[in-house]
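What follows is a short report on a single structure.
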Amino acid sequence: MAQAPDVKTFVLDTNVLLHSSASIQCFKDNDVVIPMTVIEELDKFKKNSDELGRNARRVIRYLDRLREEFPGCAGDLDKGLPLNAISKNTVGKLYVLSAAAIDDGKENEADKVFDSDLLLSSPDNRILRVACYLRDRGRKVVFISKDINLRIKADMLGLTVMDFERQKVKDYDRYTGFTEQQVSGNAVDECYSKHEIPAEKYPELLTNEFLHLTDSANERKSVLLRKKSTGMLTILPGRIERVWNLSPRNREQRMALDLLLDPEVKLVTLMGGAGTGKTLLALAAALQLTVTENLYEKILVSRPIIPLGNDIGFLPGSKESKLASWMQPIFDNLEFLLGGESERKPKSSARYSTEGLMNSHKLDLEALTYIRGRSIPRQFIIVDEAQNLTPHEVKTIISRCGDDSKMVLTGDPAQIDNPYLDASGNGLSYTVDRLKGEAVFGHVTLRKSERSDLAALAAKKL
């Protein structure tokens with residue numbers, strides 16, 4: 001396995017391939033090594049119907065296609081096959097290796113660790129051993145894994161270690177959707193008198209980003225504006241009318257409702273902790289635009305089916321009855337909106353209204369599994385808990401939007417239940433980072449919990 005001096009060898013862990021089936025092609029002119037153990041682990045996932053199963057099947061097909069490109073090189077995957085046979089943008093080689101195949105009988109310092117602490121009965125340890133063999137034989141090895149524990153063990157063995165950074169956002173919480181500045185009182189008065197000002201005065205603002213100007217001499221004197229795609233900063237009304245028994249309680253909620261009620265903004269993302277009103281605001285806007293204004297034909301609500309804690313297992317009944325348990329947070333918010341914040345109607349009547357919306361086909365609850373392949377026109381689509389989706393899954397969902405549809409993604413990157421994602425690598429954070437500044441996209445990070453004093457205290461202190 002001779003190697004040019006400037007070429008690196010990237011050894012990939014199984015979870016990297018399960019996270020992104022295209023990861024093999026992401027290392028340009030460097031070599032990629034897939035340990036034989038990884039192929040064995042992919043085989044366990046290939047029958048799954050979820051995203052992990054699809055990625056496992058894509059990787060296996062890719063390897064088989066690459067092998068078929070060189071019919072005269074049977075058994076030569078350990079000697080390396082050029083990746084540009086399939087991907088013209090990649091000029092390195094692909095190797096599939098096992099620790100036994102590259103063992104030349106020489107004992108290295110890492111072998112003592114494997115003999116004593118890292119038993120080779122563990123698949124992770126066999127993957128590490130391949131990386132160590134290559135490193136000890138003079139190759140510039142970089143071990144890529146999304147498993148934190150495995151990265152720690154690799155670092156202890158002296159390997160160069162990296163997470164898979166593609167589709168990760170370095171500062172996922174930096175773009176909040178709004179900017180604050182202190183100005184003179186005259187600048188604030190000018191905004192109120194003209195109702196809109198040219199955006200050239202604040203060139204750093206992105207399209208659909210909000211600007212909160214505060215009088216430097218009087219903090220109570222302020223104005224809230226939004227940069228429109230026309231290049232103008234338009235003032236938001238000081239008080240937004242109640243939207244389905246809901247009034248915004250803070251500045252961020254005012255911004256969120258402004259985006260949610262604007263049909264020109266086709267995609268809205270709302271981030272925030274528990275109780276900040278993400279789902280409640282989205283549902284209120286959906287009811288307003290669908291039921292009251294008839295701008296959309298129906299409301300479609302979905303969320304990933306990922307349990308918190310131990311799963312409750314198989315659920316009997318129809319699809320609707322199975323989804324009822326997962327969609328209970330949606331029912332809770334609908335009961336609040338339909339019952340009225342001040343009227344406090346009994347839950348039975350509010351639930352009856354919810355069922356009335358579903359019976360009249362104004363409200364549909366759908367598992368994300370059934371969205372793939374659909375085209376969804378003239379609907380207000382809400383995807384709750386979107387932080388539990390991969391970037392590829394979010395891309396698949398957003399691309400379902402048909403003509404005149406609007407989509408809202410809500411979630412909290414600090415509360416991720418998907419074991420293969422983190423705050424900077426989930427689909428919600430990735431969407432915000434890639435689409436910010438687009439004319440059809442808007443984002444707001446909600447900061448203050450408005451659910452209750454207890455919920456606000458828990459979000460702050462616990």
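All values below come from the heavy atoms of this structure, side chains included, with hydrogens, waters and symmetry mates left out. Position 1 is the first residue of the sequence, and the numbers go up from there. Note that the coordinates shown come from a computational prediction; the quantities given were computed from them, not determined experimentally.
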**OP:** Would you tell me whether E209 and T179 have side-chain atoms, one donor and one acceptor, within less than 3.5 Å of each other?
**Re:** yes

Original post:
When L287 is tested against each of T292, L246, V243, L334 for side chain to side chain contact (heavy atoms under 4.5 Å, CB included), which residue passes?
Top reply: L334

**OP:** Decide whether S216 and Q182 meet the rule of one side-chain donor and one side-chain acceptor closer than 3.5 Å.
**Re:** no

Subject >> For the student: nearest non-hydrogen atoms of A154 and V161, plus distance >> reply: CB-CG2, 3.6 Å

Original post:
So does R61 pair up with D64, basic N to acidic O under 4.0 Å?
Top reply: no

Subject >> Flag for Q288-E293: side-chain donor and acceptor within less than 3.5 Å >> reply: yes

**OP:** Can you establish whether the number of heavy atoms outside E219 located under 6.0 Å from its atom CD is more than 12?
**Re:** no

**OP:** Say whether H195 and T234, considering side chains only, have a donor N or O and an acceptor N or O under 3.5 Å apart.
**Re:** no

Original post:
Does the side chain of D332 pick up a donor-acceptor pair with the side chain of Q328 at under 3.5 Å?
Top reply: yes

Original post:
Should the pair K146-D13 be classified as a salt bridge under the 4.0 Å nitrogen-to-oxygen rule?
Top reply: no

Original post:
Per the side chain to side chain contact (heavy atoms under 4.5 Å, CB included) rule, which among L435, L259, V408, I381 passes with L267?
Top reply: L435

**OP:** Assess the side chains of Y430 and R434: does a donor N or O sit below 3.5 Å from an acceptor N or O?
**Re:** yes

Subject >> Check: N333/T279 side-chain N/O donor and acceptor closer than 3.5 Å >> reply: no

Original post:
When the aromatic ring centroids of Y296 and F380 are compared, is their separation below 6.0 Å?
Top reply: yes

